[in-house]
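For reference, the structure discussed in these notes is given below.
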Amino acid sequence: MDAKLRGVGVSHGVAIGQVRHMGTAVLEPPAKQIATQDAPREQQRARRAVEAVAADLNARGNLAGGEAQAVLEAQALMAQDPELLSDVDRRITVGSSAERAVYDAFASYRALLAGAGEYFAGRVADLDDVRNRIVARLLGVPMPGVPDSDEPFVLIARDLAPADTALLDTSLVLGFVTAEGGPTSHSAILARALGVPAVVALPGAADLAEETVVAVDGSTGEIIVNPDEAERTALTRAAEERRASLAAASGPGATSDGHKVPLLANIGGPDDVGAAVEAGAEGVGLFRTEFLFLDDSSRAPSAERQTEVYRKVLEAFPHGRVVVRVLDAGADKPLDFLTPADEPNPALGVRGLRTLLDHPEVLRTQLSALAEAAEGLPVYLEVMAPMVADRADARAFADACREVGLRAKFGAMVEIPSAALRARSVLQEVEFLSLGTNDLAQYTFAADRQVGALARLQDPWQPALLDLVALSTEAAVAEGKSCGVCGEAAADPLLACVLTGLGVTSLSMGAAAIPYVRATLAKHTLAQCERAAAAARAAESASEARAAAQAVLSGE
Ligand code: PEP
Ligand code: MG
């Protein structure tokens, strides 16, 4: 077959090589009935398989580190979901074998997830992978996975599971092509994190015969089957030109007329530092320290361990800025030793700074470890608290920092609308603000960020959210202080221009987004960004705001 196919390009670059398909999915286990007296034994088999798979996923996460670790740990939690497990038990009680009960329980959960909006639909592949692993273990067959090969290849799959992509040998995998998945699927996120060209949502992917040569263009989404020499050269040249134009916009973040907006990286720990440095991050704008605490949710890591990890990060940016967020536990990141187990509404419960003020010894240890880690380093250390609601919260945090003698700037994240509405008052206590637009959207629209069906309200282009950004930046200007953005909003190149126009003083994002934001910002003047921001705020919906900003910035 010589043809051109088109999917959705999600990770830039060109890969040319032979096709290898992902190990086949686990077969559907037969629907055989078991005798009633065998039920307890089957339930135990199911439980053991679940525990083993969860442990394996966690171990892979530990090996992989960084973003991949968080994804794999989330999968381990999926495997142990209490509702799923009681459904498995129930099915076994009424006569299913362990493998069939797992298969069927996951199928009904999958249907729920697939219909629960874009975000959850994107997690279906993760769920399928967990099911396949448990069923394979119960059936005693090999785990599905990446094919063995000594030669580099283009990996084809229905969808890629984090457990596989996390440990991929990137010297062998030239690129990914998947039949399913979207731009927010884990295949896409991890491909970008690994810097491997990738195309998703290509319906004909499964029909590509093993060992066929394909050229994959991760920017346009085009796949050329059996490309000739001229096609190979043209594709490679186009990819190099694109890379060169991104590289040409290297250096500090700034608008075309030289208004500086430092571009910083969001990291989860030392493992993410390499990618941040490579992308030209001018520092770290959000170090999510909770990843260090999630290793063992039954106790805090020791002060020594914390110092060691913080120092690694601080050393990577000897003269840059590093903004460390103190532990943000609770809600979607519960910790057994800190988070109340019985909250009716965890997102509105004791989380973030509230948790730390209830457990001052945990905050004190973390701040002391940071002070020790920064000792003798020329780094500009900034420390901020998540979930600051008002001036009293900001003061309590600043007092805690002062008590341990921390030499750093103290800041408050603006994630709760009250903090944006009274930003000037919060700024009486701290030196900077950092807008956590993910939570700010959640609390502004009363829309749980974990519920995919509410994705429309979570859109950071919502004019009401832009209004709160503007309130915060105006307060910062009035107080002569800074106000950055560290939520996902900063990673959208167009929105980054709008945020700049609204007056934010830095943008912090996943490292992979930095070159794109830098290049887009460099194409527009500050005045254009301000006009785009005004147009977006005048709109009535997120999509109108985006279109209005786009129209201004493209000079329409
Ligand atoms: C945010 O809420 O925007 C943020 C940056 O914090 P997190 O996503 O870790 O809650
Ligand atoms: Mg947050």
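Hydrogens, waters and symmetry mates are skipped; everything else that's a heavy atom, side chains included, is used. First listed ligand is number 1; within each ligand, the first listed atom is number 1.
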**Q.** Nearest protein heavy atom with distance in Å, relative to atom 6 (O) of ligand 1
**A.** Arg325 NH1, 2.9 Å
Q. So which bit of Met387 gets within less than 4.0 Å of ligand 1, heavy atoms only: side chain, backbone, both or neither?
A. neither
Q) By number and element, which atoms of ligand 1 are closer than 4.0 Å to a non-hydrogen atom of Leu286? A) 5 (C)
Q | Backbone or side-chain N or O of Asp439 under 3.5 Å from ligand 1 N or O | A | yes
Q: Measure the distance from atom 10 (O) of ligand 1 to every protein heavy atom, then report the residue, atom name and distance (to 0.1 Å) of the closest one.
A: Arg449 NH1, 2.9 Å
Q.
Please confirm whether Gln442 approaches ligand 1 to less than 4.0 Å, judged on its heavy atoms.
A. no
Q.
Below the 3.5 angstrom mark, is there an N/O of Glu415, backbone or side chain, next to an N/O of ligand 1?
A. yes
Q.
Taking CD in Glu83 as the centre, count heavy atoms belonging to other residues, nucleotides or ligands within less than 6.0 Å. Is the count above 12?
A. no
Q) Under 3.5 Å, is there a donor-acceptor pair linking the side chains of Ser508 and Asn266? A) yes
Q.
If the cut-off is 4.0 Å to any non-hydrogen atom of Lys333, which atoms of ligand 1 fall inside it?
A. 7 (P), 9 (O), 10 (O)
Q: Identify, by name, the N, O or S atom of Asp439 lying closest to the Mg ion (ligand 2).
A: OD2
Q. Step by step, would you call Tyr310 with Gln366 a side chain to side chain donor-acceptor pair (under 3.5 Å)?
A. CA-CA 10 Å; Tyr310 302 149; Gln366 187 172 26; 3.0 Å; yes
Q | Any donor-acceptor N/O pair, Glu415 side chain to Leu435 backbone, under 3.5 Å | A | no
(Q) Nearest N/O/S atom of Glu415 with respect to the Mg ion (ligand 2), by atom name, please. (A) OE2
(Q) Show, in sequence, the C-alpha distance, side-chain angles and deciding distance for Asp439 and Gln442, and conclude whether the side chain to side chain donor-acceptor pair (under 3.5 Å) test is met. (A) CA-CA 5 Å; Asp439 275 315; Gln442 153 160 279; 3.0 Å; yes
**Q.** Asp328 near the Mg ion (ligand 2): N/O/S under 2.8 Å
**A.** no
Q | Audit row: Glu479, Gln428, side chain to side chain donor-acceptor pair (under 3.5 Å) steps and yes/no | A | CA-CA 8 Å; Glu479 295 298 328; Gln428 303 311 306; 3.3 Å; yes
Q | Asn58 versus Glu73, side-chain donor and acceptor atoms under 3.5 Å | A | no
Q: Under 4.0 Å from a heavy atom of Gly487: give me the atoms of ligand 1 that qualify, with their elements.
A: 3 (O), 5 (C)
Q.
Within this structure, what is the CD-CG distance for the pair Gln75 and Asp56, rounded to the nearest 0.5 Å?
A. 10.5 Å
